[in-house]
Amino acid sequence: MSEPLLKIKDLIVEFPTRRALLRAVDKVSFEIAKGEVLGVVGESGAGKSLTGAAIIGLLEPPGRIAGGEIYFDGQRIDNLADEQMRHLRGKRIAMIFQDPLTSLNPLYRVGEQLIETIQTHLPMNKKQARKRAIELLDEVGIPAPETRIDGYPHQFSGGMRQRVVIALVLAGEPDLIIADEPTTALDVSIQAQIISVLKRLCSERGTAIMLITHDMGVIAEIADRMAVMYSGQIVEIGKTYDLIKNPKHPYTKGLMGSIPSMSGEVKRLVQIPGSMPRLNDIPSGCSFHPRCSKVFEPCYSKRSPQIKVGQSDVACWLYSEEDKK
Amino acid sequence: MSDTILVKVENLDRLFDVSKPLLNRIIEHEKRQFLRAVDNLSIEIKQGETFALVGESGSGKSTVAKMVVGLLEPTKGRIEIDNLDLSDKNKVKELRQMRSEIQMIFQDPFASLNPRWRVEKIVSEPIIAFNLESENEAIIKRTGELLSLVGLAPSDGRKFPHEFSGGQRQRICIARALASNPKFIVCDEPTSALDVSVQAQILNLMRDLQDKFGLTFLFISHDLSVVRHMANRIGVMYLGRLVEVADTKSLFKNPRHPYTRMLLDAIPDLEMSGKERKPIEGEIPNPINPPTGCTFHPRCPLANERCKREIPASFNIDGNEVTCHAVEEGRS
Amino acid sequence: MEDKNIKEETNWFARAIDSDIFYSFTRSKLVMVAAFVTFAYFFIALFAPILATQNPFDLGSLDLMDGLTPPAWQEGGSSKFLIGTDDQGRDLLSAIMYGSRISLAVGFTSVFCAALLGISLGLISGYFGGFIDTLIMRIADIQLTFPSILIALLIDGTVSALFPEVRREDSAFWVLVLAISLSFWVQYARTVRSSVLVEKEREYVQAAKLIGLRPFIIMLRHVLPNVLGPVLVIATINLALAIITEATLSFLGVGIPVTQPSLGTLIRIGQDFLFSGEWWITIFPGVALAIIVLSVNLVGDWLRDALNPKLR
C-alpha cells in the first residue's frame, strides 16, 4: 500500500482546567488512505470531534495537542505555524460542521461566498469563478443553480444549506474532508440525500473523508473503514462490514446490540450498564472495564494495546496472545 | 393489551397565528397568517398499547402530543381520555383527577429538570401537587421508591440535576412522570437527545415499566428503528395530516402510502445488504403555504391531477388506514 | 433535624467557595479591589454617624466662621477639617460620609423599587403574552422617551402642588426614588420578559403545568429563580447609574436640598466657589462619586461575565 494521506500517531489532546488536566483524546493512532472514507463513531464525549478539530488545527483553547504526531501527505502538520496551517486548511483539508449556518455568512449571497472561496484557492477571474460556482452547486444537487446562486443563506432550507456548505468545501478541491456530524441536524429523508451526495463526490473525485458521527447507519452507508472511540481512545478499528457484522470489542458489541434492528424481532435491546466516564473520572486500566461484562484480571490495571484480530485492530485483553496460551 | 379504547382523538385541528405584529400588518397591508400544524387528525389508542406518531420536522407530531396532555388547546376537535372530554368545562373535578393520570416525558433531559431544585424536590412535586401523600415521611419514602424504580439510588435525591448524565436525567424525568400513578404517558422524542447505548437503557426501562404498571404510551419520534422496536401501532404524519396508520408489522412489511415508503427507504441500511435505493425527491414544503389537495403531491411519484385538487380521505386496505388517491385507485 | 440543617449550611458554604463564580472572582485582582472599595464605602456610609467628626445635617453645630477652610495641608487649613469645609462651615469629610449615605440609600431603594416593578411586569408580560404583553411593552416604550430628569420635575411639581404642607426636605428622598425607579424599571421588565419567553418554553415549566399548578405558583417557583441571574447584573450596574442620576438631579436642584447635602448637592454647592479658588468643595465629593460608581460598575461588569456561560 502506498503512503497514507493522513497518518496520526499517538495523538493526545488535553484541556487544562483549574481542577485537573483533562485528557480528552488519549493516544489515538489511525491512517486514512487517499480516497478512503473513514467513519469515526462514538458517543458524546468520546473525543471524536476533538480528534477532527486537532487534525485541522481548530482546537478551541485551552484545548491543545499535548503529544503525538499528525502527518498529512507525508508532511508533519501538528507543529505548523498558524500561517502555514491556514494555507493548508480549506485548500487541502476542509471541514463540514453539523450546523451549516456556522459555515455560511448570513450577510453575503451564497454566490459571493463561493466565488471568494474559489478565487482564494484557484487562479480564476470573477467570471470563471462564477461559472465554476454554478457547476459546483449543480454538482451537489441544488436545483436551478443559476438563480439560486444569488440567494442568501436564510433562503435555503437546512438540507440545501448543507449542500451549499459541501459546494464551498469542494471549491478548494481538497484531498481530505473532515465532516463532523454533517447530517445530524437534518431529517431522515434529507439525510439520505446528503449522504448520497457525499458518497458520489468522494468516489468521483477520489477525496478522502473522515466522517465523524454517532449514527451507525450513516457509517454503514458510506464508510470503507470505521473506528470506534470510547473515552478518548480507539477501541476498535477495521473494515466497516467486519465491525458491524462481527464486532470484537465488548464495547462495539454492546453498541451494535443497542441499536434497534430494522429486521427480526427483539424484545429487549442489549444494554451496556452505566454511562461513559466523565473526563475527570476516567477509570484505571482499560477505561471500559467498569461497564464490561467480560472484565478480568489485566483490565483493572493496564490498558490493552491494539491487537490484530482478523482484519481489525482491537484494544482488548480478551484477544491477547498471552491469554490464548 | 385490552380492546378498551383509552384515548380517542377526533377531527383535531390546531392553527398557530404566525402573523406579523399589528402595526406591521397595517403598514404592509398584509392579512393575518395561520399555520395549520395539525389538520383533521383522528386516532384511537387502546389501553396498554404503544401508539407511535412518526414524521419529519414540521409534521405536527409534537403539537398533537401537547394537545393530548393539555398543554395546548385544540382549535377544533375533541380529545377524550377514559371517556372524559378534555374540553368539558362542567367536570372540573374529574378533569383534575384525570390530569394525574396523564403524564409526559420530554425530549431534552437537560431542559426538563429545574436546574435549581434538588432531584427529590423535582420528583416529589407531583405527589404534593396532587395530594397523594400528606405525611412528610411518606413523601420521602415514595420518592425513594420512585428513584429505585428507574434504577437510581434513593440517596441520589439529594443531588442536583447537573450532577447527572443525560441518561440518568431521563430516568429522573421518568420517575417524576410515574409519581402520580399515571395510566397514560406521552413520550415526546424521549431518546433522541441520548446516545445509542443509553437510548437502549431508557427504551428497555420504559418497556419494563409498561409491563409492570400496564401503561399506555403515545410515542412521538422521528426515528423509525426506535418506533419499530417500541410501538404496537404507528401513525405516519406529513404536514399536519395522518397519511397512514397501521400495525407495526404490516407498516414495515407492507407500507402503502408513498410517503411511508419513502421514509422507510431513507433509513440508513445497517444490515449492509448493499441494496440500491431510490433517490429521494424534494423537501418538505413551507407549512404556511402548503400545497393544494394532497400535501405530498409535489414529491409523490404517483401524483396526478386529482391529487393536486382533492384532499384524500382515509380508507382501509388490509388493516392499514391509508390516505392516498393513488392507493385507493390501485395505481400504486 | 438540627444536625441536618447544619450540614446543609456547610454544604452551601462549601459550594459557594468551590463555585466557578468564586473562582473567577479570585482570579481578577481588579475586581477584588473594586469589591473591597465598594464594601468599604458601604461600611463608611452605614456607620457615618459613628465615624464622622461632625453631623453636617445639624445646622446648629455648624459654625459659619469655619466656612471655606481649605484642606489641612494647604495654607490656612486646619487639622480639624482634613479636607476643608464648605461655605456653611461643614466638615467636607463628614459631609461626604453623610452624603454617600444619602446617595447609596437613594440608589439602593430606587434600584429595589425599579427591580420589583420591572420583574413583576416582565414576568406577567412574558408569561401571559397577548394583549397584556403588548400593553406593558408599549408603556415601557413610552416610558423610555421620558428622561428621568423630566419625570423627577414632574413628580416634584405634582407632589408640591398636591401636598403643599409637605416640606421639600421630607419629600425629596421619595421623589428621587420614584423618579429613578420609574425611569429604570423598563430595563428589568424587558430583560425578565425575554428570559421568561425562553424559560417558559423549557420543558420543566411545561412539566409543572402538566401537574396542574396555577400560573402564579409556576412563575414564582419555577420561572422566577431561573431568570434572576441577568436581573442581578442589571441591578448592580443600575446601582451605579442610580447614584449618578441622583447626583445629577441633586446637582440640577431637583434633588436633595442643601440642608441635607448628598454628593450631588455638595458638588453643586462647590460649583459656585470653583472659580474663586475654593476647588475642594467640588473636587472631593466628585472624586468620591467617581470612585464609588467605578467600583460598583467594575463589580457589575465582572458579575455579567461570570454569570454568562458563553464568556467563561
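Lettering follows sequence order; numbering is per chain, from 1. It should be emphasised that the depicted structure is a prediction, and the values quoted were computed from it without experimental measurement. Any value given below was found using the heavy atoms of this structure, including those in side chains, with hydrogens, waters and symmetry copies removed.
Residue pairs meeting the salt bridge (charged side-chain N to carboxylate O under 4.0 Å, His left out) criterion with at least one partner in residues 246-261 of chain A, sequence neighbours excluded, do not occur; the list is empty.
Most heavy-atom pairs under 4.5 Å with chain B, from the set A/Gly217, A/Gly254, A/Gly159: that is A/Gly217.
Listed by chain and number, the residues in a salt bridge (Lys or Arg N to Asp or Glu O under 4.0 Å) with A/Asp150 are A/Arg130 (sequence neighbours excluded). For A/Glu139, the salt bridge (Lys or Arg N to Asp or Glu O under 4.0 Å) partners are A/Arg205, not counting sequence neighbours.
Neither the backbone nor the side chain of B/Tyr259 comes within less than 4.5 Å of any heavy atom in chain A. Interface remark: A/Met160 contributes backbone and side-chain atoms alike to the contact with chain B (heavy atom separation under 4.5 Å). With a 4.5 angstrom heavy-atom cutoff, A/Pro273 touches chain B only via backbone atoms. Both the backbone and the side chain of A/Ser44 come within contact range of chain B, judged by heavy atoms closer than 4.5 Å.
Here the CZ-CG distance, from A/Phe15 to A/Asn280, works out to 13.5 Å after rounding to the nearest 0.5 Å. Put simply, CD1 on A/Ile219 and CD1 on A/Ile222 are 9.0 Å apart, with the number rounded to the nearest 0.5 Å. Here the CG-CG distance, from B/Asp108 to B/Leu194, works out to 9.5 Å after rounding to the nearest 0.5 Å. Atom SG of B/Cys294 and atom CG of B/Leu239 lie 9.5 Å apart (nearest 0.5 Å).
Checked by atom type and distance alone, the side chain of B/His257 pairs as donor or acceptor with a backbone atom of B/Thr323 at under 3.5 Å.
Inspection of non-hydrogen atoms places B/Leu203, B/Asn204, B/Arg207, B/Asp208, B/Asp211 of residues 202-215 of chain B under 4.5 Å from chain A.
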